[in-house]
2 protein chains.
Amino acid sequence: MVTRASSSGRRQFLTRRIVVAAGRRVAESEGVGGLTIRRVAAELGAAPMAIYRHVKDKQELILALLDDVAQGLPPLPAEGGTPQERIVGAFAAVDAYLARHVWVVEILRQGELFAPRAAALFVWTLDQFAELGKDDRQGTDAYAQLWWYVLGHLSYLPGVAPERRAARMELLASSVGDPGRVREAVRSFGHETAFLNGLRTLVDALAAR
Amino acid sequence: MVTRASSSGRRQFLTRRIVVAAGRRVAESEGVGGLTIRRVAAELGAAPMAIYRHVKDKQELILALLDDVAQGLPPLPAEGGTPQERIVGAFAAVDAYLARHVWVVEILRQGELFAPRAAALFVWTLDQFAELGKDDRQGTDAYAQLWWYVLGHLSYLPGVAPERRAARMELLASSVGDPGRVREAVRSFGHETAFLNGLRTLVDALAAR
DNA sequence: ACCTGAACACCGTTCAAGT
DNA sequence: ACCTGAACACCGTTCAAGT
């Protein structure tokens, strides 16, 4: 996976862009847990300390990664349909995009957020709820509530990795008086459709209250 | 913080209970990030390797901690009121309890869950929705949707630490065309009341759909 | 100016000892 | 049986070099 050799020249062969791109490759393939300065340096065939010339410390690298991912966020839905449909579409798209980059969720949880892309979604959401006759105070509450729902779903995703599913299921079933009932109830559960249905339910309720 | 000295005797002075209790003290005061085998050992005045006699590895210690916290989960509401009120009460109580132990949320996110306490909440929730005329398939979806909402709220908590709030606010406001509107909208936002209102809205909608 | 190497203070964990 | 010490393979980061 070494994309650059340090052998040829001595002069600058690293840039912030290159470092961030390498960091992203590492995070994408091994998760945030596997993201280390030394690992990124190895990815680039450089000495670990070379990284520090382009990034203040590990925290700054992580924030740069967050920014990088934010660039790829799907665009907000334009006109068409009801505000409810647009809101569902927007949050479902954000959820789907971030689900493809679960490692980011761990960073988001550390209290970071992607501005300005998060800010754009926030204001856009205020506008949608304004169309539904809600003021910005109500819109803010609704935005937070929708975001919690999405963040919770994303946070739960690592647990549904196929190899974990069976073990969790058994743990759950065996802890209860009627294991058969639990197994039966969970059998047909699909988190994606449950997520979407719940999102629709929540948006409609927020619009109607 | 050393609660036991290794000096006096040579024979067993550690037990699994003692190790787990020390681990919990460390996690509670420094978070999961500060939880290290070596730190726990120091807390007990023991050699790091002594820990491994009572706990297989760090992962097992973490699971034991999860179990320990689960013991303190609030009891499920008994009869009285509508199912909706009981459901809101139960999930709000779980949220409040875990909010007092935020470090646990990081573990939950790693895909672990507390059985059998989680199982009890799950089955209890199925029962409540059964009273509302929903079958276990619908109840399972509702449980997942409520849990995502709670987990998202808990995941968001570290970001509202007082010292972070102002910085986040500015980052958000400055990223947008109309900073004044954002500041005004967010001014009166209170995440606890927003959480509770959203929970009520969601439960009522799930009951009605 | 940019990269490197050695070093420091940390990790989890194994293994061979001590009592 | 239980605890300890040295050791190994990792971290992030600082500092003094090299070109």
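Each chain gets a letter, A, B and so on, in the order the sequences are listed, and its residues count up from 1.
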Review point. When the distance from CZ of A:F13 to C1' of D:dT19 is rounded to whole Å, what number comes out?
Key: 13 Å
Practice item. Could you give me the CA-CA distance, side-chain angles and deciding distance for B:L44 and B:F13, then say whether side chain to side chain contact (heavy atoms under 4.5 Å, CB included) is met? Key: CA-CA 10 Å; B:L44 294 167; B:F13 67 100; 5.5 Å; no
Review point. Given atom CD1 of A:I18 and atom P of C:dC2, what is their separation to the nearest angstrom?
Key: 13 Å
Exercise for review: Have a look at A:D68 and tell me which of A:R24, A:R25, A:R17, A:R16 forms a salt bridge (Lys or Arg N to Asp or Glu O under 4.0 Å) with it.
Suggested key: A:R24
Check your understanding: Around B:R165, counting heavy atoms of other residues, nucleotides and ligands shown, do more than 12 lie under 6.0 Å from its CZ?
Key -> no
Point to revise | Nucleotide nearest A:K58 when distance is taken to its side chain, options C:dC3, D:dG12, C:dT13 | key: D:dG12
Review point. Of the nucleotides C:dC11, D:dT13, D:dC3, which one has an atom closest to the side chain of B:H54?
Key: D:dC3
Exercise for review: Might you work through the side chain to side chain contact (heavy atoms under 4.5 Å, CB included) test for B:F91 and B:V203, ending with a clear yes or no?
Suggested key: CA-CA 10 Å; B:F91 281 85; B:V203 169; over 6 Å; no
**Study point:** Nucleotide D:dT14, atom P - distance to CG of A:D57 in whole Å
**Key:** 8 Å
Practice item. Could you tell me the separation between the CD1 atom of B:I51 and the P atom of C:dT13, rounded to a whole number of Å? Key: 12 Å
**Study point:** d(CD1, B:I37; P, D:dC3) in whole Å
**Key:** 14 Å
Revision key, fill the gap. B:L61 atom CG is separated from C:dT13 atom P, nearest whole Å, by 10 Å
Review point. Can you tell me if the side-chain N/O atoms of B:Q12 get under 4.0 Å from OP1 or OP2 in D:dC2?
Key: yes
Review point. Within the structure, does a side-chain N or O atom of A:Y52 lie under 4.0 Å from either OP1 or OP2 of D:dT13?
Key: yes
Check your understanding: What is the distance from CZ of B:R38 to P of C:dC10, rounded to the nearest Å?
Key -> 10 Å
Review point. To the side chain of B:M49, which of C:dC15, C:dC11, D:dT13 is closest?
Key: C:dC15
Check your understanding: Within this structure, what is the CZ-to-P distance between B:R16 and D:dC2, rounded to whole angstrom?
Key -> 14 Å
Check your understanding: Considering residues at least two apart in sequence or located in another chain, which fulfil the side-chain contact (heavy atoms from CB on, under 4.5 Å) criterion with A:R187?
Key -> A:E184
Point to revise | Closest to side chain of A:R53, choosing from C:dC3, C:dG12, D:dT13 | key: C:dC3
Check your understanding: For DNA chain C, which ranges pair as stems of 3 or more consecutive Watson-Crick or G-U pairs, with both donor-acceptor distances under 3.5 Å?
Key -> C:4-8 with D:12-16, C:12-16 with D:4-8
Review point. Under 6.0 Å between the ring centres of A:Y149 and A:F195?
Key: yes
Review point. Centroid-to-centroid, B:Y156 to A:W147, below 6.0 Å?
Key: no
